[in-house]
There are 2 protein chains.
Amino acid sequence: MTEPRQQALEYVRRNRDRFLEELKDFLRIPSVSTDPAHRADVERAAAWVAERLRAAGAPHVEIMPTDGHPVVYGEAPAARADAPTVLVYGHYDVQPPDPLEEWESGPFEPTVRGENLYARGASDMKGQVMATIAAFEAVARSGPLPVHVKFLIEGEEEIGSPSLPAFLAAHADRLRASISLNPDAGMIAPDLPTITYGLRGLAYFELRIYGPAHDLHSGLYGGVVHNPAQVLCELIAGMHDAEGRVTLPGFYDRVRPLSEEERAELARLPMGEDFYLRNTGAPALWGEAGYTPVERATARPTLEVNGLLAGFTGPGAKTVLPASAMAKISMRLVPDQDPDEVYEQLRRYLEERAPRTVRWELIRMAGVRASLTDRRHPAVQALSQALEMVWGRRPVFKREGGTIPIVTQLQELLGVESVLTGFGLPDDRFHAPNEKLHLPTWARGIEALTLFFYNYGG
Amino acid sequence: MTEPRQQALEYVRRNRDRFLEELKDFLRIPSVSTDPAHRADVERAAAWVAERLRAAGAPHVEIMPTDGHPVVYGEAPAARADAPTVLVYGHYDVQPPDPLEEWESGPFEPTVRGENLYARGASDMKGQVMATIAAFEAVARSGPLPVHVKFLIEGEEEIGSPSLPAFLAAHADRLRASISLNPDAGMIAPDLPTITYGLRGLAYFELRIYGPAHDLHSGLYGGVVHNPAQVLCELIAGMHDAEGRVTLPGFYDRVRPLSEEERAELARLPMGEDFYLRNTGAPALWGEAGYTPVERATARPTLEVNGLLAGFTGPGAKTVLPASAMAKISMRLVPDQDPDEVYEQLRRYLEERAPRTVRWELIRMAGVRASLTDRRHPAVQALSQALEMVWGRRPVFKREGGTIPIVTQLQELLGVESVLTGFGLPDDRFHAPNEKLHLPTWARGIEALTLFFYNYGG
């Protein structure tokens with residue numbers, strides 16, 4: 001290894017405890033982007049990231065307003081003007097912590113138990129943002145920068161990044177880059193460094209069913225009006241057939257079929273039935289007939305009920321016939337499905353199936369296409385080598401079931417491709433109580449990201 | 001009219017404004033029996049009733065403990081030892097007021113708008129309890145009592161009266177009566193005084209579906225595990241067939257068929273399609289094929305979803321695959337259905353239909369049989385005449401879709417039949433926001449109850 005690269009790795013090891021303490025500070029800020037009550041916390045998290053980037057050695061850092069939560073933007077030039085430019089993408093916002101009562105320690109009181117750090121955002125993705133800043137600091141403090149580095153750390157990822165497209169369009173010149181490094185994708189296992197080349201898209205809706213003009217006494221009116229909660233259940237039940245397929249008209253028309261080659265590649269991943277049973281704790285698996293679990297979770301579209309609410313849900317027994325019922329319903333999309341078309345398919349389903357005994361309303365909340373990344377890009381190769389150097393084995397390449405809107409947007413709006421990695425693990429409980437980060441994996445991740453900057457700089 | 005009866009009616013008219021102010025005091029106490037946070041308020045309501053009964057002229061009043069909320073018991077002897085005994089039943093507890101934001105004025109800030117008094121409990125049933133106490137006071141202040149009067153005012157009606165059976169059994173001797181006067185049944189319209197001779201029973205359940213061990217990210221695991229919210233919807237959707245019939249195995253086996261005579265009688269009530277459309281505001285009616293609306297609402301059994309809860313239900317979009325989902329489900333029963341048998345039918349349905357991809361739990365929350373009252377009882381005749389004297393027309397006799405557990409319990413445990421009436425109207429929004437009481441009807445009701453005491457005393 002050349003001298004600065006070795007120095008940088010030693011810098012990482014020497015400062016690891018400090019990096020962990022800094023991550024805990026970051027995690028103590030409850031930057032829940034979906035909840036207006038946390039607006040000030042979200043701003044506090046942005047300020048924290050900006051300050052931390054400055055301290056790491058970025059000469060230009062600013063907090064840039066958007067129509068929603070601000071973007072933290074930073075720049076650090078390479079020694080050579082013709083070096084490639086890495087645009088680091090991250091987000092400082094987190095999911096809501098509820099249900100609160102299921103957390104063993106407070107969601108915003110980061111706590112180490114065993115090899116793990118527990119807190120909302122530990123894995124998704126404050127831990128990953130901190131790892132990237134730490135790696136950048138190590139490189140910046142160990143000699144001239146081998147690549148130009150730009151940081152784009154947003155505060156709206158968990159609500160579908162509504163302000164980002166306008167932001168990207170408005171600042172396209174400044175954001176120009178050779179690659180976007182996106183550490184928001186996880187690993188398959190602690191010993192399997194992972195590069196993700198495909199992401200599912202997302203279409204998110206709220207469906208509201210309205211029946212009587214007000215809540216009714218179920219004794220006086222039960223049997224005479226169609227209960228909106230029952231109608232909602234009937235409509236949702238009809239959205240899948242007995243084989244686990246989505247029944248919306250035309251839903252599969254634009255789904256790109258999996259090639260035999262890709263199915264063989266996915267079959268080599270250690271993500272069989274046992275993997276999914278272990279990581280979910282479900283009594284049994286379920287899903288679309290004719291596909292393996294990893295295919296269903298990453299390369300096939302799905303429809304999920306994310307929330308249900310109707311009538312009386314407190315303790316006790318209230319004999320109410322509710323006036324309305326609500327469901328949050330989302331679809332994970334694959335190439336080449338279109339969120340607009342999926343919305344129309346759901347509308348058409350409801351028009352065909354909703355009974356005239358109720359009225360309904362369908363609200364669009366997010367729409368992002370799926371994406372696929374070019375695996376031959378030099379940055380992908382540089383990251384692959386960096387991961388191999390730290391873990392001692394070649395990374396696996398996989399498709400991801402989740403959605404990262406920025407990947408699609410950078411491709412569509414700026415022509416910038418993303419290389420996706422990350423050091424979260426499948427049992428990290430992203431979006432759920434007791435989210436955690438595996439600290440030994442995180443420490444390796446910082447080293448791998450450090451090496452990536454050097455490998456890509458050449 | 002004899003002299004005391006005329007004096008009593010004048011007493012009612014003279015004191016009407018005071019009775020209304022006293023009712024408002026009563027309504028200001030948020031005696032929500034299902035909510036442990038309101039325990040002290042429930043006790044306050046019991047004390048208010050006891051004090052009010054003493055002031056009305058009951059020589060013996062006490063607050064009697066139960067395993068749950070206390071019973072207010074009062075006694076006032078007739079002049080003649082061999083006079084019949086009226087056991088007045090009422091409840092001082094109320095339903096929860098949520099959703100709070102839909103109230104035009106506070107649920108516990110009684111407000112008169114036009115001819116109506118708005119508050120939780122105004123109609124169900126603090127207004128009815130107050131009417132009965134007012135009538136009793138008028139009779140007690142106008143001469144010797146023509147009947148023995150006992151008061152049994154409980155605090156757990158809205159949670160299914162769990163402590164009442166033990167209370168009735170423990171105090172059977174004291175509670176002996178010729179009839180129970182129960183003013184918790186409403187009227188069909190302001191100009192139609194009503195006596196109710198049939199009540200539906202109730203079986204109330206909470207169904208919980210458990211899938212993965214914890215909430216999952218729907219992007220990572222959507223398509224691989226069976227979503228408990230989806231399973232819940234599928235199970236609920238299967239509980240009715242396309243003709244609105246309940247599909248639980250054996251559900252209709254013990255249902256007593258409606259005779260042609262009774263169908264003809266029900267058809268004469270002014271409760272056709274228009275009545276139900278007007279009182280519910282639903283876009284269209286719905287229900288079991290082959291029966292009229294009034295038959296479906298009062299003399300046929302039903303199954304209702306009273307509440308649904310799963311996953312994320314706040315503002316915004318959270319891509320969670322919930323670990324569990326919950327529904328409150330209740331059935332209205334008719335003679336001769338048995339709540340225990342209905343529980344077994346629901347269990348059997350779930351055993352047959354729930355997929356092995358989830359676990360489930362069924363919690364019993366209430367079970368009350370339906371009841372029918374003897375229309376030839378002298379007290380029923382006395383009440384019928386009293387209503388006719390005030391309204392100038394014979395009352396209608398109807399069956400009621402709601403459930404009043406005390407009626408069944410008094411029949412089964414003490415052999416006491418109930419005569420049911422009341423001065424609530426179909427659009428009073430019992431159990432819903434903006435519950436109200438129609439004050440002119442309420443004032444007539446006080447007069448009718450006053451006359452009932454005299455008519456029954458002979």
Side-chain angles (χ1 to χ4, degrees), chain A residues 34 159-160 204 211-227 229-230 233-234 236-237 276 280-287 293 296-297 300 302 304-313 316-317 319-321 330 332 356-357 359 365-366 401-403 429-432, chain B residues 34 159-160 204 211-227 229-230 233-234 236-237 276 280-287 293 296-297 300 302 304-313 316-317 319-321 330 332 356-357 359 365-366 401-403 429-432:
Chain A
T34 199
I159 52 173
Y204 201 109
H214 44 78
D215 286 358
L216 299 173
H217 187 304
S218 73
L220 300 189
Y221 297 105
V224 179
V225 303
H226 213 164
N227 184 318
Q230 179 190 333
C233 288
E234 289 166 352
I236 287 172
Y276 283 106
T280 63
L285 297 185
W286 174 92
R296 300 200 302 266
R300 295 293 298 174
T302 65
E304 292 295 336
V305 181
N306 303 110
L308 287 178
L309 185 63
F312 182 70
T313 59
T319 50
V320 66
L321 195 164
S330 64
R332 294 289 168 171
R356 65 174 197 90
T357 47
R359 291 171 300 111
M365 303 189 75
T403 303
R429 300 182 180 168
F430 328 123
H431 296 206
Chain B
T34 200
I159 52 173
Y204 202 108
H214 42 79
D215 285 359
L216 299 173
H217 187 304
S218 74
L220 300 189
Y221 297 105
V224 179
V225 303
H226 212 164
N227 185 319
Q230 180 190 331
C233 288
E234 289 165 352
I236 288 172
Y276 283 106
T280 64
L285 298 185
W286 174 91
R296 301 200 302 266
R300 294 293 299 174
T302 66
E304 291 295 334
V305 181
N306 304 110
L308 286 178
L309 185 63
F312 183 71
T313 59
T319 50
V320 66
L321 195 164
S330 63
R332 294 290 168 171
R356 64 175 199 91
T357 48
R359 290 172 300 111
M365 304 188 74
T403 302
R429 301 183 179 164
F430 328 123
H431 297 205

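Computed from a prediction, not measured in an experiment: that's the story for all the values here. Each chain gets a letter, A, B and so on, in the order its sequence line appears, and its residues count up from 1.
- Of the listed residues A/Ala297, A/Gly287, A/Gly222, A/Pro293, the one with more heavy-atom pairs under 4.5 angstrom with chain B than any other is A/Gly222.
- Chain B forms the most heavy-atom pairs under 4.5 Å with one residue out of A/Ala310, A/Gly401, A/Ala213, A/Ala284, and that residue is A/Ala310.
- Options B/Gly307, B/Ala237, B/Ala229, B/Cys233 differ in how many heavy-atom pairs under 4.5 Å they form with chain A, and the most are formed by B/Cys233.
- In this structure, CD on B/Gln230 lies 4.0 Å from CH2 on A/Trp286, to the nearest 0.5 angstrom.
- In this structure, the separation between CZ on B/Phe430 and OH on A/Tyr221 is 7.0 Å, given to the nearest 0.5 Å.
- The residue among A/Thr34, A/Asp215, A/Leu308 with the most heavy atom pairs within less than 4.5 Å of chain B is A/Leu308.
- At least one donor-acceptor pair closer than 3.5 Å links the side chain of A/Asn227 to the backbone N or O of B/Val305.
- Most heavy-atom pairs under 4.5 Å with chain A: of the set B/Glu234, B/Glu304, B/Met365, this distinction falls to B/Glu304.
- Between chain B and the residues A/Asn306, A/Leu216, A/Leu309, the most heavy-atom pairs under 4.5 angstrom are made by A/Asn306.
- With a threshold of 4.5 angstrom between heavy atoms, B/Arg429 approaches chain A through side-chain atoms but not through N, CA, C or O.
- Neither the backbone nor the side chain of B/Ala366 comes within contact range of chain A; no heavy atom of the residue lies under 4.5 Å from a heavy atom of that chain.
- The choice from A/Gly281, A/Gly160, A/Gly311, A/Ser330 that makes the most heavy-atom pairs within less than 4.5 Å of chain B is A/Gly281.
- Using a 4.5 Å heavy-atom cutoff, the side chains of A/Leu220 and B/His431 are not in contact.
- With hydrogens and angles ignored, the 3.5 Å screen pairs no side-chain donor or acceptor of A/Arg332 with any backbone N or O of A/Thr302.
- Counting only distance, with no hydrogens or angles, the side chain of B/Ser218 and the backbone of B/Thr319 share a donor-acceptor pair below 3.5 Å.
- Side-chain contact between A/Val224 and B/Thr280: absent, with no pair of heavy atoms (C-beta onward) separated by less than 4.5 Å.
- For B/Tyr204, the part lying near chain A is the side chain, with the backbone staying farther off; criterion is any non-hydrogen pair under 4.5 Å.
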